[in-house]
Amino acid sequence: MTTTSALPKQYDPSEVEPRWRRFWLENGFFHADEASPTVPYAITLPPPNVTGSLHIGHALGSTLQDILIRWKRMQGFNAMWMPGSDHASIAVHVLLERDLKRREHRTRFDLGRDEFMRQAWAWKERSGNRISEQEKLLGFSLDWTRERFTMDERSNRAVVEAFVRLYEEGLIFRAKRMINWDPVSETVVSDLEVDTAEENGSLWELRYPLAGGGEIVVATTRPETMLGDTAVAVHVSDARYTHLHGKEVELPLTGRRIPIVAVDLVRDGKPWPDPAFGSGAVKVTPAHDPSDYEVSQVAGLPILQVIDLKGRICAPAPAKYVGMSVADARKAVVADLEAGGFLVGVKDHKVPRGRSQRSGAVIEPMLMQQWWVKAAPLAEKAAAAVEQGKTRFVPEHETKTFMHWMTNIKDWCISRQLWWGHRIPAWHCGTCGTIMVARAAPGECRTCGNPAITQDEDILDTWFSSGLWPFSTLGWPDKTRDLATFYPNNVLVTGPDILFFWVARMMMMGLHFLGKVPFRAVYLTSIVTDENGDKMSKTRGNVIDPLDIVHGATLEQLLERVEVEKPPVDPETLRRAIRKNFARGIPAMGADALRFALAALNTTQRLRLSVERVEKYRNFINKLWNASRFALMNLDGYDPERFEAQLSTPAGRAALGMPERWILSRLQVVVGEVDAALESFRFNDAAGAIFHFVWDELCDWYIEIAKSHLYLTPEVEQDATRNARRHVVQGVLATVLETTLRLMHPFSPFVTEEIWQKLPKPSQLPGSLMITVFPRSDAWWIDAAAEAEMRLVQDIAVTCRMLKQTYGVSPAQSIAVELRVAGSGPRATVEHHLALVERAAKVTAAVSGAELATAPPADAAKAVVGAAVEIVMPLGGLIDVVAERKRIAKDLGKVDKEISTLENKLGNADFLAKAPEDVVAEQKLRLGEEQSRRQRLADALATLSASSAGATEAGGGAL
RNA sequence: AGGCACGUAGCUCAGUGGGAGAGCACUACCUUGACACGGUAGGGGUCCGCGGUUCAAUCCCGCGCGUGCCUACCA
């Protein structure tokens, strides 16, 4: 009555995963009770934007978080993982408006605020649900009873409260300052939301005539802004222009006169304007250039706005240009300047151009009244907290990036002229202009009593609510039990790309409002790219969707999506890219394989992911599956309780064979490694340790050794000793497997749960692997002697296989070998475990003392293992003396080199005097071993030579 | 321009002040009663270059070259 038929040869995640997903959810295993007396461990999921679906970057971050949460939960912590999503104000705007434009050729202004909001909410419902379904699919053990949204009631309240308090404290204020205007989305965006890149542009040199005759030449990359010039600036130290200070120029095309001002500015350590650059004179357009604005403030210049909010030229520019787009105006102005003889020349020039991260529009610097957060006092606290180690960054070097930003921080513009988001809790009086910031709409103007007050039209930057997230989700501003239990979080796991956007703001807000850092550690993940290191992008056709890894997708399915999604690029080019990148489609590999792969590959700043790489871990999952399948096929008659009782007695433990002691020892070492690796966020090391233990030790060696004891033959059945032995091996195999499953569960929860449920185990264990106890390394089981003995057995077996293979002896054919072992200790070990070698290498072995043995036959292959063992494999006519000599000589060469290195070292008085004793001793030991090894190799070579002098002459000259 | 990181096998990447590693790829062999999503063995590296510190450097320091990321208002 075996269970063979119960398990298929290949693991099928699509059949297994849904069952356990349902099981865990139905049993409420993901829920954390805020009133639990156990030690809390909390993580807040970085809320995905409700703009689409879960991408591979989310899958990576969330996998690592789930590993931590499941690990800590199994360790007995009150593990809480807060789920939620972000309203992603401008991102939703861009998508909805793009869609609106494509389908109906309308803008949000055609639709109106109410209707637009209705559509945005509908979008949120669809997208938000899709994301949480995907998170469940990947097995993330988020506490779904707590699911939040940045625009839900709770978050709204926190946002209003935070805004009002900051305003009352003078940390939020309104000011007219230079901002980044996105003329496509028609909103201001923060500095962080602008991507500046060098683009090809031109540098025009313009000739401005002086009022009293003569001229001054200025250079510009934006000639159209000359319509708003209010000065020409030169550096005070620039002697060429000293005589022009205070003079005026006739500004071409405008009929205006503007002054030449001398300024004394230093930027980047250089005088500004830099006399060494161009003519040294600069035109000044305070309303449309941040740098010129600064000059205008220093020099007291007027400010002329000539570009409006739609990016068009406006009065007071000459009527001719009013209404033109910036690009058209540029052409017209240049043409007119040229016609008027004001154009000196134009040349190609790389210009840094800011574009809105979301809409891609060229940013127009503008002077506007906006709401700001005074950042310096908040940042100061955050920087201090990091310096005091209250929050640490992993990898540690990211601390510097963070601190650099924090110490150079600028005020944060938080108002946006968008609709989807938190409306600013400020009311304006239409009569007297009073601004009232309040938690609820005031009934009338508090200055003039006018009831006609209107709420500020603007909404808040989406990151304002995100900045409150670690505590708004826990009920702040109320003093909740949740907050007391789970704030601060233990760790924040996120990508380095939102360090400033989000991490910095949470630090500032958390410290300000709660007086405590929001999290003790910040772990920054890799950025996932394709295998070439290119960013994954739908427009590039290189996106690996985590769901496709789980479910699989044929090439045809991938191609069909181009039609459905209509990304804004040439569909044919895109299809070509997809065909190239996913020629074979994507096989269904399951969530476990993806999760394990992501954990194992998360090493450097970039994680280059490909289908092939995930396949390797799919194979690993399958390997584990088959090892378990083997175990289950051979566990009939096994009594877990009896075995457990047996292990708890000294006599029972003494009954363990060396391979049992070895695998149990290795397991405990690996448990310690995994635990230590997770403790310091080295997910890849933890995954690697499990991978190698399961594959290279459990499967390759222990299971192979166990087979001879487990196969149930009539002889075994009738032999009490062998039956007892079989029970022990069954017990060890089952125990090791069970512990391994617990160890691996945080990484790959589905397959481990599936196997664990099938495994015979003591009955007092809980009903699910995910609520068992995570293994703790038990030093009692670590057995250096067993590990050393096993190492020797492995080395001998491997070398025997090598000899067989070298001489073309079929692996299936058993062959006799002679093992000559120096020293009675090693000899006893080899003799004792001879059967293991014989089985592993398929040889029949005889052991002799190296000192006693007669010279080995010449027609034998020979090899040396370590310092003590020589393997002699008689091969009769099979042996190729020349090849054999070559091989041994090569080994000899290596040993000689090693010996000379060691001798040099040990012959160096300084080394002996200054190196630590244990290092010296170790080197001496090694020299001894290498010398003894050399002797054995030399002997082997000598016996070959003696018998085949002819062959030596013919083929061994080089030796 | 500044800051940070990186440069190790054909590729992707671990790693350590004292004997160079993994996976994939490659070569040869093996359909052995867990697994061909498998097994066995093998080849392959001036650890970017040049200096320095040290008894000892792939590892620490400096310079150079190359790559990536982030920050920045150069006309």
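Here the structure is a predicted model, which is why all the values come from computation and not from measurement. Per chain, numbering begins at 1; letters A, B, ... match sequence-line order. We use all heavy atoms of the structure for the numbers below, so side chains are in, but hydrogens, waters and symmetry mates are not.
Side-chain contact, A:N180 with A:D191: a donor N or O sits under 3.5 Å from an acceptor N or O. Residues A:N626 and A:K9 have side chains that never bring a donor and an acceptor to within less than 3.5 angstrom of each other. With 3.5 Å as the limit, one finds no donor-acceptor pair spanning the side chains of A:S932 and A:E929.
Among the atoms of the strands shown, none is found under 4.0 Å from any heavy atom of A:W204. Here A:A812 lies out of heavy-atom contact (under 4.0 Å) with every strand. Residue A:V798 is classed as a sugar-phosphate contact, given heavy-atom separations below 4.0 Å to backbone atoms only. At the heavy-atom level, A:H349 lies under 4.0 Å from the strands shown only through sugar-phosphate atoms. In this structure, A:R926 reaches the bases: a heavy-atom distance under 4.0 Å links it to at least one base atom across the strands shown. Among the atoms of the strands shown, only primed sugar atoms or phosphate atoms (P, OP1, OP2) are found under 4.0 Å from some heavy atom of A:Q923. Residue A:P916 is classed as a base contact, given a heavy-atom separation below 4.0 Å to a base. Counting any heavy atom pair closer than 4.0 Å across all strands shown, A:R618 reaches a base atom.
By the ring-ring contact (aromatic ring centres under 6.0 Å, His included) test, A:W272 pairs with no residue at all, sequence neighbours left out. Not counting sequence neighbours, the partners of A:R353 by the side-chain contact (heavy atoms from CB on, under 4.5 Å) test are A:E199, A:R330, A:V351, A:R355, A:V362. Taking the side-chain hydrogen bond (donor to acceptor under 3.5 Å, both in side chains) definition, one finds that A:Q605 meets it with nothing, sequence neighbours left out. For A:V920, the side-chain contact (heavy atoms from CB on, under 4.5 Å) criterion is met by A:L906, A:F911, A:L912, A:A915, A:K924, not counting sequence neighbours. Judged as a side-chain contact (heavy atoms from CB on, under 4.5 Å), and not counting sequence neighbours, the contacts of A:V217 are A:E205, A:E215, A:S279, A:V344. With sequence neighbours left out, the side-chain contact (heavy atoms from CB on, under 4.5 Å) criterion links A:R934 to A:L892, A:V895, A:D896, A:I899, A:A938.
The only member of A:T230, A:T225, A:D289 that meets side chain to side chain donor-acceptor pair (under 3.5 Å) when paired with A:K283 is A:T225.
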Output one line per pair: protein atom, nucleotide atom from nucleotides 32-34 of chain B, and distance, for all N/O pairs under 3.5 Å.
unit_1, atom_1, unit_2, atom_2, d
B:rA34, OP1, A:K707, NZ, 3.2
B:rA34, OP1, A:Y711, OH, 3.0
B:rA34, OP2, A:Y711, OH, 2.6
B:rA34, O3', A:R629, NH1, 3.0
B:rA34, O2', A:N626, OD1, 2.6
B:rA34, O2', A:R629, NH1, 2.5
B:rA34, N7, A:K707, NZ, 3.3
B:rA34, N6, A:C699, O, 3.2
B:rA34, N6, A:E704, OE2, 3.1
B:rA34, N3, A:N626, O, 3.2
B:rA34, N3, A:A627, N, 3.2

Protein and nucleotides 67-71 of chain B: nitrogen or oxygen contacts under 3.5 angstrom:
none

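On the P atoms, B:rA36 is 11 Å away from B:rU32, given to the nearest whole Å. For the P atoms, the distance from B:rC70 to B:rU27 is 40 Å, rounded to whole Å. Look at the C1' atom in both B:rU67 and B:rC48: the space between them is 11 Å, to the nearest Å. The same atom, C1', is picked in B:rG42 and in B:rU46; the two are 24 Å apart, to the nearest Å. Rounded to whole Å, the P atom of B:rG45 lies 28 Å from the corresponding atom of B:rG38. B:rG17 and B:rC13 are spaced 23 Å apart, taking the P atom of each and rounding to whole Å. Taking atom P on both B:rC26 and B:rC11, the two are 15 Å apart, rounded to the nearest angstrom. Spacing between B:rG44 and B:rA20 at atom C1', rounded to whole Å, works out to 13 Å.
When the C1' atom of B:rU12 is taken as reference, atom CG of A:D530 falls 13 Å away, rounded to whole Å. Taking atom CD of A:E673 as the reference point, atom C1' of B:rG15 lies 13 Å away to the nearest angstrom. The separation between A:K804 atom NZ and B:rU40 atom C1' is 10 Å, rounded to whole Å. With rounding to whole Å, A:R839 atom CZ is found 14 Å from B:rU40 atom P.
Where A:R801 and A:E615 meet RNA chain B, the nucleotide closest to each residue was compared, and A:E615 sits on the side nearer the 5' end. Nearest-nucleotide mapping onto RNA chain B: of A:V218 and A:E398, the residue sitting toward the 5' end is A:E398.
One finds no side-chain N or O of A:W272 lying less than 4.0 angstrom from the OP1 or OP2 phosphate oxygen of B:rC73. Regarding contacts with the backbone of B:rG38, a side-chain N or O of A:N619 is found under 4.0 angstrom from either OP1 or OP2.
In the set B:rC73, B:rG18, B:rA41, the nucleotide with an atom closest to the side chain of A:K410 is B:rC73. Ranking B:rC55, B:rC4, B:rG43 by closeness to the A:H397 side chain, first place goes to B:rC4.
Near-neighbour residues of RNA chain B inside residues 893-909 of chain A, defined by a heavy atom below 4.0 Å, number-ordered: A:E898, A:K905, A:N908.
Pairing for B:rG68 goes to B:rC4, judged as Watson-Crick or G-U wobble with the two contacts each under 3.5 Å. Under the Watson-Crick and G-U wobble criteria, each requiring two contacts below 3.5 Å, nucleotide B:rC26 is paired to B:rG42. Base-pair partner of B:rA56: not found among the strands shown (Watson-Crick or G-U wobble, both distances under 3.5 Å). Taking a pair to require two hydrogen-bonding distances under 3.5 Å in either a Watson-Crick or a G-U wobble arrangement, B:rG21 pairs with B:rC13. Nucleotide B:rG49 forms a pair with B:rC63, judged by Watson-Crick or G-U wobble geometry with both contacts under 3.5 Å.
Residues A:M536 and A:T529 fail the side-chain proximity criterion, which asks for heavy atoms closer than 4.5 Å. Residues A:E294 and A:M178 form no side-chain contact, since every pair of their non-hydrogen atoms from C-beta on lies 4.5 Å or further apart.
Between A:E224 and A:R222 there is a salt bridge, since at least one side-chain N of the basic residue sits less than 4.0 Å from a carboxylate O of the acidic one. One finds no salt bridge joining A:E930 and A:K897 here, because no Lys/Arg side-chain nitrogen approaches an Asp/Glu carboxylate oxygen to under 4.0 Å.
Within the structure, every pair that satisfies the ring pair (Phe, Tyr, Trp, His ring centres under 6.0 Å) test and touches residues 605-624 of chain A, not counting sequence neighbours, is listed here: A:F596-A:Y617, A:F596-A:F620, A:Y617-A:F691, A:F620-A:F691. Sequence neighbours left out, the pairs with a member in residues 695-710 of chain A that pass salt bridge (charged side-chain N to carboxylate O under 4.0 Å, His left out) are A:R666-A:E697, A:E704-A:K707.
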Self-check item: Protein-to-nucleotide contact annotation, 5' to 3' order, nucleotides 21-28 of chain B [B base; S sugar-phosphate only; - none; under 4.0 Å, heavy atom]
Solution: -SS----B
Exercise. Test salt bridge (charged side-chain N to carboxylate O under 4.0 Å, His left out) on A:D411 and A:R177 and set out the steps.
Key: CA-CA 10 Å; A:D411 287 341; A:R177 291 186 179 178; 2.8 Å; yes
